[in-house]
J.: 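I'd like to ask you about the structure that follows.
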Amino acid sequence: MRLPVSAPNAAKPIGPYSPGIRAGNLLFLSGQVGFDPSTGALVDGGITAQTEQVMRNIGTLLAAAGATFAHVVRTTVFLADMGDFAAMNEVYSRHVAAPPPARATVQVARLPRDVKIEVDAIAVLS
């Protein structure tokens, strides 16, 4: 059985998808970008600010499912520019729990609305 996961204070989807889906004890979070949920606008400040907002958006969805970053087992990071890797990694590392989840990081040709980063996540719930 699939159950949608969202929160009133979460960033709104920009397409026909659920922010998250719970399937059994697995939680699949759609890619999050650096939109401020209160304004719907992309945050200012480049890769550092966008990564910070992405991680806050993921945290909001995790909390809506009764989870934390400690439940995350896998992420995928999509970067518009691999030159932003070190700055992204510094912010990312402040949010994930030890041991950090498995992760893939890839550079892509373009992201929705020309954001610099998108991150999706998979968590295992209790």
J.: Quick one: name the residues clustered hydrophobically with V115, using the 4.5 Å side-chain heavy-atom rule over I, L, V, M, F, W, Y, and just say none if it's on its own.
T.: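 Hydrophobic cluster check, V115: joined to I14, Y17, V33, F35, L42, F78, V106, V108, L111.
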J.: Can you find a heavy atom in the side chain of P37 that is under 4.5 Å from one in the side chain of N9?
T.: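 No, their side chains stay 4.5 Å or more apart.
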J.: Considering only Ile, Leu, Val, Met, Phe, Trp and Tyr, and joining two whenever side-chain heavy atoms are under 4.5 Å apart, list the other residues clustered with M88.
T.: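 When side chains under 4.5 Å apart are linked, the cluster holding M88 also contains V5, L27, L29, I47, V54, M55, I58, L61, L62, F69, V72, V77, L79, M82, F85, Y92, V96, I117, V119, L125.
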J.: So, N89 versus R94: side-chain donor-acceptor pair below 3.5 Å or not?
T.: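 Side chains of N89 and R94: no pair found under 3.5 Å.
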J.: Any donor-acceptor pair under 3.5 Å linking the side chain of S30 with the backbone of S18?
T.: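 Yes; judged by distance alone, with no hydrogens or angles, the pair exists.
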J.: Going from CD1 on I21 to CE on M1, what distance comes out if it is rounded to the nearest 0.5 angstrom?
T.: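 Answer rounded to 0.5 Å: 11.5 Å.
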J.: Counting distance only, does the side-chain N/O of T51 pair as donor-acceptor with the main-chain N or O of T48 below 3.5 Å?
T.: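 Pair absent, no side-chain N/O of T51 close to backbone of T48.
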J.: Atom NE2 in H71, atom CD1 in I122: separation rounded to 0.5 Å?
T.: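 These two atoms lie 15.0 Å from each other.
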J.: Within a strict 4.5 Å, meaning less than it, do heavy atoms of the Q53 and Q32 side chains meet?
T.: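 No, their side chains stay 4.5 Å or more apart.
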J.: Counting neighbours of CZ on R110 that are heavy atoms of other residues, nucleotides or ligands and sit closer than 6.0 Å, is the number greater than 12?
T.: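 No.
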J.: Would you say that more than 12 heavy atoms from the other residues, nucleotides or ligands in this model lie under 6.0 Å from the CG of D44, or not?
T.: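 Incorrect, the count does not exceed 12.
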J.: Report yes if some heavy atom in the side chain of K12 is under 4.5 Å from a heavy atom in the side chain of S6; otherwise report no.
T.: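 The answer is no, as the side chains (C-beta and beyond) never meet within the 4.5 Å cut-off.
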J.: Between Q50 and K116, is there a donor-acceptor pair closer than 3.5 Å when you use the side chain of the first and the backbone of the second?
T.: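 Yes; judged by distance alone, with no hydrogens or angles, the pair exists.
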J.: Could you grab the distance from atom CZ of R2 to atom CZ of R22, nearest 0.5 Å is fine?
T.: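 Between R2 CZ and R22 CZ, I get 14.5 Å after rounding to 0.5 Å.
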